[in-house]
Amino acid sequence: MSGVIVTNPPKASAEDVEALAAYGVATVSEAMGRTGLLGPGIRPVQQGVRTAGTAVTVLGWPGDNLMIHAAVEQCGEGDILVVTTTSPSSDGLFGELFATALQRRGVRGVVVNTGIRDTQELREMGFAAWSRAVSAQGTVKATGGSVNVPVAVDGRVIRPGDVIVADDDGVVVVPRERARQVAEASEAREQKEAATRAAFVEGQLGLDRYGLREKLKQLGVTYQSYDEYTAGERS
């Protein structure tokens with residue numbers, strides 16, 4: 001497998017990344033029309049962490065982390081490293097030593113579509129990580145691959161410079177050219193949810209706030225008392 005290392009790809013602006021960092025993964029995905037989510041198999045190794053950054057992508061070989069070493073050089077302040085392989089792999093391609101090098105360069109976290117290890121150390125050093133598996137299985141450094149090329153995770157294309165938003169709910173990718181628009185849509189959704197939250201605190205029901213009683217009626221859902229409901233059983 002040959003490959004290419006692409007240098008200085010275009011990135012979403014730091015201002016737009018920071019704007020998106022204020023919102024959770026669910027809010028950002030909803031603001032994009034319920035798109036952009038990576039699959040539920042990508043899970044955090046820590047809790048209570050939300051981050052956003054620009055993607056530096058890695059396409060490597062299963063069980064081989066050579067291209068992660070190559071990618072470290074391409075990473076900088078505000079980036080998030082995104083790693084996948086040419087076919088499924090659960091080996092521990094990423095661990096504490098990589099995190100140390102990346103943290104030194106201002107990288108905000110890693111999303112690994114394979115295995116990760118040294119999870120306790122990652123939590124202790126405050127390096128955020130999301131992965132498909134946790135595995136102590138070691139790897140080799142023997143096969144070429146690519147850095148900063150479009151990659152696919154769970155059918156979702158991630159390009160270098162796209163915005164990655166990640167938290168306890170998972171990971172969402174925002175195309176770099178849509179970052180500002182999605183940040184504004186996320187703010188609008190956040191304001192709408194704040195108003196709904198306040199209404200629920202005051203006791204309003206979702207059935208009434210969202211006009212769902214008529215929907216139930218249209219679907220043929222009826223209300224019956226317990227006696228009415230059980231009358232058929234007694235007859």
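Just so it is clear, the model here is predicted, and its values are computed rather than measured.
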- Would you give the length of the straight line joining atom CD1 of I5 to atom OG1 of T7, rounded to the nearest 0.5 angstrom? 9.5 Å

- Task: For residues R213 and Y223, report the shortest heavy-atom separation together with the two atoms involved.
- Result: NH1-OH, 3.5 Å

- Message: Please enumerate all residues that pass side chain to side chain donor-acceptor pair (under 3.5 Å) together with R132, with sequence neighbours excluded.
- Response: N113, D154

- Would you name the heavy atoms of R176 and R159 that are closest together and state the gap between them? N-NH2, 3.5 Å

- Query: For Y229, does the OH atom have more than 12 heavy-atom neighbours from other residues, nucleotides or ligands under 6.0 Å away?
  - Reply: no

- For the pair L216 and L207, evaluate side chain to side chain contact (heavy atoms under 4.5 Å, CB included) and give the outcome as yes or no after the intermediate values. CA-CA 9 Å; L216 291 175; L207 284 173; 3.8 Å; yes

- Query: Does some side-chain heavy atom of F94 sit less than 4.5 Å from a side-chain heavy atom of L102?
  - Reply: yes

- If you look at every heavy atom in P62 and S89, which pair is closest and at what distance? CB-CB, 3.8 Å

- Only one of R209, Q191, Q204 passes side chain to side chain donor-acceptor pair (under 3.5 Å) with T196, and that residue is R209

- Task: Report yes if the side chains of V110 and F127 come closer than 4.5 Å at any heavy-atom pair, otherwise no.
- Result: yes

- Looking only at non-hydrogen atoms, find the nearest pair between A129 and L122 and report the distance. CB-CD1, 4.1 Å

- Beyond-backbone contact of L93 with T85, side-chain heavy atoms, under 4.5 angstrom: yes

- Task: Might you work through the salt bridge (charged side-chain N to carboxylate O under 4.0 Å, His left out) test for K11 and E77, ending with a clear yes or no?
- Result: CA-CA 12 Å; K11 296 182 178 183; E77 187 73 34; over 6 Å; no

- Grouping ILVMFWY residues whenever side-chain heavy atoms fall under 4.5 Å, the cluster of V163 otherwise contains V17, L20, Y23, V25, V28, M32, L37, V165, V172, V174, V182

- Just by distance, with hydrogens left out, do D79 and T54 show a side-chain donor and acceptor under 3.5 Å apart? yes

- Over all atoms of both residues, closest heavy-atom pair of E96 and E121: CG-CB, 3.8 Å

- Query: About how many Å separate NE2 of H69 and CG of D64, when rounded to the nearest 0.5 Å?
  - Reply: 9.0 Å

- CG on D16 to CD on E177, rounded to 0.5 Å: 11.5 Å

